[in-house]
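Okay, structure first, notes after.
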Amino acid sequence: MPFAAALAASLLLGACASSDDRYEPAKLTSYTPGATISTVWSVDIGSGGGSGFVPAVSGDAVYAATPGGTVSKVDLSSGRVIWSNRVARKLSAGVGTDGNLVVVVTPAGEIIALDGDGQEKWRAKATSEVLIPPVVDDGYVVVRSGDYRIQAFNADTGARLWSVQRPGPALALRAPTQMILVDGLLITGMPGGKMLVINVATGNVQWEGTVATPKGATDLERVTDVVGQPQVVGALLCAAAYQGRVLCFDVSQGGRIVWSKDFSSSSGISVDDRLLFASSQNSEVFGFMLEDGTTLWHQDALRNRSLTAPQVKGGVVAVGDYDGYVHFLDRADGHLLGRVSLGGGAIVSPLQASYAGVLVQTGNGKLSLLSVN
């Protein structure tokens with residue numbers, strides 16, 4: 001059972017880290033404020049949190065789910081809860097949405113689809129537990145299950161359309177991971193360091209690339225999962241892996257590697273039109289030039305604070321940490337601009353950028369919108 005083993009591996013990594021002062025979280029340092037951070041609204045959406053729970057924006061609404069089984073639709077501008085529905089005793093990941101269909105999954109691999117009013121539309125079954133958010137778009141619902149299968153379902157009926165499986169490693173991280181759907185192509189990173197591009201209409205694998213190659217003598221040393229959300233900018237497809245690399249492929253040239261750097265991330269990357277931002281395994285934040293991978297800046301003031309993947313919004317880069325803080329860095333040089341405490345324990349869910357600000361889902365089931373000026 002790869003994901004059960006994954007949890008054990010995560011606990012082992014944490015235990016190893018805690019025995020050495022080098023792995024102590026950095027204390028918060030003073031800085032000259034360069035931005036005004038304000039909480040526009042904050043609302044309770046259920047109980048609990050986790051890496052598989054990512055708020056999703058569609059139009060003027062944000063959709064979110066919690067492990068306690070609740071799915072909510074919230075007005076993005078005001079924070080007003082439009083509807084909230086407890087659909088299961090427990091959920092393992094969510095949400096995926098196109099604004100018309102909202103999809104979450106249970107620990108038993110049950111896929112639950114709700115209509116735009118929050119009413120159940122259909123249920124289907126994946127082949128095993130699903131721990132990353134579904135993708136909903138173009139009439140398809142796609143999930144990736146713990147047995148390393150990517151499965152597509154009809155968005156109207158829930159009928160299974162196709163399944164693609166790849167062999168998986170003995171151990172895999174339980175880390176924030178997301179798939180994307182771009183121009184009819186489903187893009188997903190995989191445990192073992194692979195990246196797949198699949199035609200969502202047919203299930204045919206269009207391209208397969210290597211982000212990282214497993215190394216080492218033990219299963220733990222050979223963990224090289226692609227983490228976070230793959231990023232697409234023009235012809236570039238970029239990603240990062242744990243104990244592997246951060247890199248960009250050129251998909252217009254058959255997936256040629258444009259640049260790569262040895263790197264280890266347990267949370268992932270984000271990009272804008274010029275830069276790639278990455279949180280390393282030890283929570284140092286980097287800004288790389290998107291075109292060639294040149295390191296533009298490196299911020300180590302948040303070392304070992306278990307940072308989320310960076311999220312870029314205008315001129316700032318936001319990261320959440322283990323203690324409920326969201327930190328804001330200058331996009332151009334990485335210096336600290338501001339921070340805000342949201343409480344509620346660790347921020348594990350990836351932050352989301354929207355036209356209204358930065359969305360943060362905390363470990364105690366709160367959803368907040370932060371503005372930066």
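Hydrophobic clustering (ILVMFWY, side-chain heavy atoms < 4.5 Å, transitive): Leu186 and Val197 are in distinct clusters. No single ILVMFWY cluster, assembled from side-chain heavy atoms under 4.5 Å apart, contains both Val164 and Val182. In this structure, Val95 is not a member of the same hydrophobic cluster as Val81, with clusters built from ILVMFWY side-chain heavy atoms closer than 4.5 Å. One hydrophobic cluster holds both Val205 and Trp162 under the rule that ILVMFWY side chains link at heavy-atom gaps under 4.5 Å. Hydrophobic clustering of Ile, Leu, Val, Met, Phe, Trp and Tyr side chains at less than 4.5 Å, counting indirect connections, unites Leu237 with Leu185.
Using a 4.5 Å heavy-atom threshold, the side chains of Ser283 and Asn304 count as separate. A heavy-atom distance below 4.5 Å is found between the side chains of Pro25 and Tyr322. For the pair Val71 and Leu91, the minimum side-chain heavy-atom distance is below 4.5 Å. For the pair Arg80/Trp41, no side-chain contact is recorded, criterion being any heavy-atom separation below 4.5 Å from C-beta on. Looking only at side-chain heavy atoms (C-beta outward), Leu302 and Asp321 stay at 4.5 Å or farther from each other. In this structure the side chain of Ile187 reaches within 4.5 angstrom of the side chain of Met195, judged on heavy atoms. Side-chain contact between Lys261 and Leu247 is absent, with no heavy-atom pair separated by less than 4.5 Å. Using a 4.5 Å heavy-atom threshold, the side chains of Arg256 and Phe249 count as separate.
Taken from SG in Cys248 to CE in Met289, the straight-line distance is 11.5 Å, to the nearest 0.5 Å. Separating the OG1 atom in Thr66 from the CD1 atom in Ile45 is a distance of 6.0 Å, to the nearest 0.5 Å. Atoms OG and CG, from Ser368 and Leu359 in turn, are 9.0 Å apart once rounded to the nearest 0.5 Å. Annotation: the span from Ser266 atom OG to Gln281 atom CD amounts to 6.0 Å, rounded to 0.5 Å. The distance from the CH2 atom of Trp122 to the CG atom of Leu114 is 10.0 Å, given to the nearest 0.5 Å. Atom-to-atom distance recorded for Ser92:OG and Phe53:CZ is 6.0 Å, nearest 0.5 angstrom.
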**OP:** Give the C-alpha distance, both sets of side-chain angles, the deciding distance and a yes or no for side chain to side chain donor-acceptor pair (under 3.5 Å) between Tyr140 and Asp98.
**Re:** CA-CA 10 Å; Tyr140 300 93; Asp98 60 0; over 6 Å; no
Original post:
Hey, mind stepping through Lys121 and Asp156 against salt bridge (charged side-chain N to carboxylate O under 4.0 Å, His left out) and telling me if it holds?
Top reply: CA-CA 8 Å; Lys121 187 171 182 178; Asp156 288 327; 3.7 Å; yes
**OP:** Take Leu329 and Leu336 through the test side chain to side chain contact (heavy atoms under 4.5 Å, CB included) and record every step on the way to the result.
**Re:** CA-CA 5 Å; Leu329 314 179; Leu336 290 167; 3.1 Å; yes
Original post:
So Thr127 and Gln151, side chain to side chain donor-acceptor pair (under 3.5 Å) or not? Walk me through it.
Top reply: CA-CA 9 Å; Thr127 51; Gln151 299 153 76; 3.2 Å; yes
Original post:
Can you check side chain to side chain contact (heavy atoms under 4.5 Å, CB included) on Val233 and Leu276, steps first, answer last?
Top reply: CA-CA 10 Å; Val233 183; Leu276 181 151; over 6 Å; no
Subject >> Worked check of side chain to side chain contact (heavy atoms under 4.5 Å, CB included) between Ile150 and Val143 >> reply: CA-CA 6 Å; Ile150 301 98; Val143 300; over 6 Å; no
**OP:** Evaluate the side chain to side chain contact (heavy atoms under 4.5 Å, CB included) criterion for residues Val135 and Val141: first the C-alpha distance (whole Å), next the side-chain angles of each, then the deciding distance (0.1 Å), finally the verdict.
**Re:** CA-CA 6 Å; Val135 168; Val141 173; over 6 Å; no
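Nearest heavy atoms, Val285 versus Trp297: O-CZ3, 3.5 Å. Closest approach of Val316 to Phe328, counting heavy atoms only: CG2-CD2, 4.2 Å. Closest approach of Gln165 to Asp147, counting heavy atoms only: NE2-O, 2.9 Å. Pro214 and Thr224 make their closest contact through CG-OG1, 3.4 Å (heavy atoms, listed as atom of the first residue, atom of the second, distance). Between Tyr325 and Ile347, the shortest heavy-atom distance links the atoms O-CD1, 3.7 Å. In terms of heavy atoms, Val142 sits closest to Met179 at O-CE, 3.4 Å.
Counting only distance, with no hydrogens or angles, the side chain of Thr294 and the backbone of Leu296 share no donor-acceptor pair below 3.5 Å. A distance-only check finds no donor-acceptor pair linking the side chain of Ser260 to the backbone of Arg245 [under 3.5 Å]. Looking only at distances, a side-chain donor or acceptor of Asp75 sits under 3.5 Å from a matching main-chain atom of Ser78. A donor-acceptor contact shorter than 3.5 Å links the side chain of Tyr31 to the backbone of Arg339. A donor-acceptor distance shorter than 3.5 angstrom exists from the side chain of Thr157 to the backbone of Ala159, with no hydrogens or angles considered. Formation of a donor-acceptor pair under 3.5 Å by the Asp115 side chain with backbone atoms of Gln119 is found in this model. A donor-acceptor pair under 3.5 Å links the side-chain atoms of Gln299 to the main chain of Gly334, judged by distance alone. In terms of modelled atom types and a separation under 3.5 Å, the side chain of Gln243 and the main chain of Glu221 share a donor-acceptor contact. No side-chain donor-acceptor contact under 3.5 Å links Ser265 to the backbone of Ser280. Checking side-chain atoms of Gln206 against main-chain N and O of Asn204 turns up a donor-acceptor pair under 3.5 Å.
With Val87 as the partner, the side-chain contact (heavy atoms from CB on, under 4.5 Å) test is satisfied by one option alone out of Val102, Thr70, Ile112, Thr106: Ile112.
For Phe286 and Phe263, the distance between ring centers is under 6.0 angstrom.
By the 6.0 Å contact criterion, CG on Asp292 is enclosed, its count of non-hydrogen atoms from other residues, nucleotides or ligands being greater than 12. Within a 6.0 Å sphere centred on CG of Asp183, heavy atoms belonging to other residues, nucleotides or ligands number 12 at most.
Counting only N and O atoms by type, the side chains of Ser371 and Ser38 include a donor and acceptor under 3.5 Å apart.
Of the charged side-chain nitrogens involved, at least one lies within less than 4.0 Å of a carboxylate oxygen, so that Arg123 and Glu110 count as a salt-bridged pair. Under the 4.0 Å criterion applied to side-chain N and carboxylate O atoms, Arg274 and Glu291 are not assigned as salt-bridge partners.
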